[in-house]
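Before any comments, here is the structure.
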Number of protein chains: 2
Amino acid sequence: MGIFSKTCEYAIRSVFFIAHRTAGQSGRVGIKEIALGIDSPEPFLAKILQDLSRRGIVQSTKGPNGGFYLDSASLERPLSDIVAAVDGNDIFYGCGLGLKQCSEINPCPLHNEFKDIRNKIHLMLHETKIGEFNAELMNGMLSLKK
Amino acid sequence: MGIFSKTCEYAIRSVFFIAHRTAGQSGRVGIKEIALGIDSPEPFLAKILQDLSRRGIVQSTKGPNGGFYLDSASLERPLSDIVAAVDGNDIFYGCGLGLKQCSEINPCPLHNEFKDIRNKIHLMLHETKIGEFNAELMNGMLSLKK
DNA sequence: ATAATAAAAGACTAAAATGTCTTTTATTAT
DNA sequence: ATAATAAAAGACATTTTAGTCTTTTATTAT
C-alpha cells in the first residue's frame, strides 16, 4: 500500500502523460496510447479518465481524431486537485492513527508529527503543476512506466 | 485511505495502549479491555495482536491473569518496527506513483519530492518509541479512541 | 486432576478496491 | 446520410482488506 490508491497513481501518471503528449500542438491522445505509455490496464484507466473528465480535470472529445487532452487552465492546476478528486482529502487532513475525533484539543499521540508530514505532502502537491514536467518527459529524462 | 492500513492503525494504537496500561507494575491487559480502550473490533484486533505476538513486538501469556504486555526491550522499540511488520517497507522506500523501477537513475517526476517525504516519515517513526507517551496517556492528555 | 480463564489458530463472511467486458453515444470523414 | 472511430456508461468479475465466529491450546487457581 502506497501513499495513494492505485487509482490515484494511474490518475497522476496518465495526466502527466496526456500533458506532455498534447501540450503545444493541441493534439489528442487516445486511451490505448496512454495505457501503453504509463503501463496500466486499459479498461481500468478508461474508467479513471472518464471520472477525471467529468470533473473537468482532463478534457476529451469522442470520434475520429478524438481522445484526451488538457487545456491551458488544466496544465496549470496543482497535483493536489487530482489527489483530492480521486482519494479525497484524508491524506491532507486525516488522523494518522485513524481517529475521527483527533484534533488540537483531543490529540492522538502522533498528532503534531502527522500534522507536519501532512502539511509537507499538501504543500508539495499544491506547488507541483500538472504541466511542469513536460520538457523532461519529452526528452526521456523522467519515466511514467514500470 | 490513510497513510497506514486499518490493521496498522489498530496495531499502533493497541501497542500504545498496552504500553501505558502495563508499564511499571508488570501487569497484563486482556484483549477485551484493549479493544474497548482503542475503540476497535475485538476479534479483528485479536488477530492483529496474535501476529504482533508471533513477531515478538508484544508479549502475551494465556490463562487466568494472562493477557498482553510489553517487556522493557519492547518499550524501547521504534514505531517503525510495527509499521514495517504490518504494512511492510513500501511506505519508507516505495515510489509515490507506484513504479517498480523508479530510482535515482530512472526517476518518476516526483522522485525527489517523495524521497524527501518518505525520509521524514521514516525518521519520525524511527525516533518515536513505543513507551514514549505513557505519562500523557495515563493522565488523559492524549487519546487513542474515536 | 479439574475447572476456569484467556490467548492462538483457523475457517469463514463482508466490504472495498481493482480490473474486465459489452453496449451506447458523440464526432468526424466520406 | 452512412460508416468508422473513440470516449461514456454501466454491468460484471476478481482480489485484497477488513471483520467474525468456533475450536484448540496453554496457564492458573482450586
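This structure is a prediction, so every number in the text was calculated from the model and none was measured. In what follows, every chain begins at residue 1, and chains take the letters A, B, ... in the order their sequences are listed.
Taking every heavy atom of both residues into account, A:A19 and A:G131 meet most closely at CB-CA, 4.5 Å. Shown here for A:R28 and A:N65, the closest heavy-atom pair between the two residues is CG-O, 3.3 Å. Taking every heavy atom of both residues into account, A:T7 and A:F44 meet most closely at OG1-CZ, 3.5 Å.
Per the geometry, OH belonging to A:Y10 stands 15 Å off P belonging to C:dA17, to the nearest Å.
Inter-residue side-chain proximity for B:L97 and B:P109 is flagged as met; some heavy-atom pair is nearer than 4.5 Å. In this structure, A:I130 and A:D81 have side chains that are not in contact, with every pair of non-hydrogen atoms separated by 4.5 Å or more. With contacts defined as side-chain heavy-atom distances shorter than 4.5 Å, the pair A:I91/A:R118 does not qualify.
A heavy atom closer than 4.0 Å to some atom of DNA chain D occurs in B:P41, B:P43, B:F44, B:K47, these being the qualifying members of residues 33-49 of chain B. For DNA chain D, the neighbouring residues in residues 53-62 of chain A, judged by any heavy atom under 4.0 Å, are A:S53, A:R54, A:S60, A:T61, A:K62.
For DNA chain D, each stem of at least three Watson-Crick or G-U pairs (distances under 3.5 Å) is given as range with range: C:1-30 with D:1-30.
When DNA chain D is scanned in the 5' to 3' direction for atoms under 4.0 Å from non-hydrogen atoms of chain B, the outermost contacting nucleotides are D:dA18 to D:dA29.
Using modelled atom types, one side-chain atom of B:H20 and one backbone atom of B:F17 make a donor-acceptor pair closer than 3.5 Å.
Mapping A:N65 and A:C8 onto DNA chain C by nearest heavy atom places A:C8 closer to the 5' end of the strand.
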Scan the side chains in residues 139-146 of chain B for donor-acceptor partners under 3.5 Å anywhere in the protein, sequence neighbours excluded, and list what turns up.
from: B:N139; atom 1: OD1; to: B:M141; atom 2: N; distance (Å): 3.1
from: B:S143; atom 1: OG; to: B:K145; atom 2: N; distance (Å): 3.4
from: B:S143; atom 1: OG; to: B:K145; atom 2: O; distance (Å): 3.3
from: B:K145; atom 1: NZ; to: B:L36; atom 2: O; distance (Å): 3.3

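The side chain to side chain contact (heavy atoms under 4.5 Å, CB included) test applied to A:S60 returns A:S53, A:F68, not counting sequence neighbours.
Between A:Y93 and A:H122, the angle of the ring planes goes over 60°, which puts this pair in the perpendicular group of the 30/60° scheme.
Evaluated for a side-chain contact (heavy atoms from CB on, under 4.5 Å) with A:F16, the options A:I82, A:N134, A:L79 yield exactly one hit, A:L79.
Ion pairing of B:K120 with B:D116 is present here, as a side-chain N (NZ or NE/NH1/NH2) and a carboxylate O approach within less than 4.0 Å. Under a 4.0 Å N-O distance rule, the pair B:E132/B:K129 does not qualify as a salt bridge.
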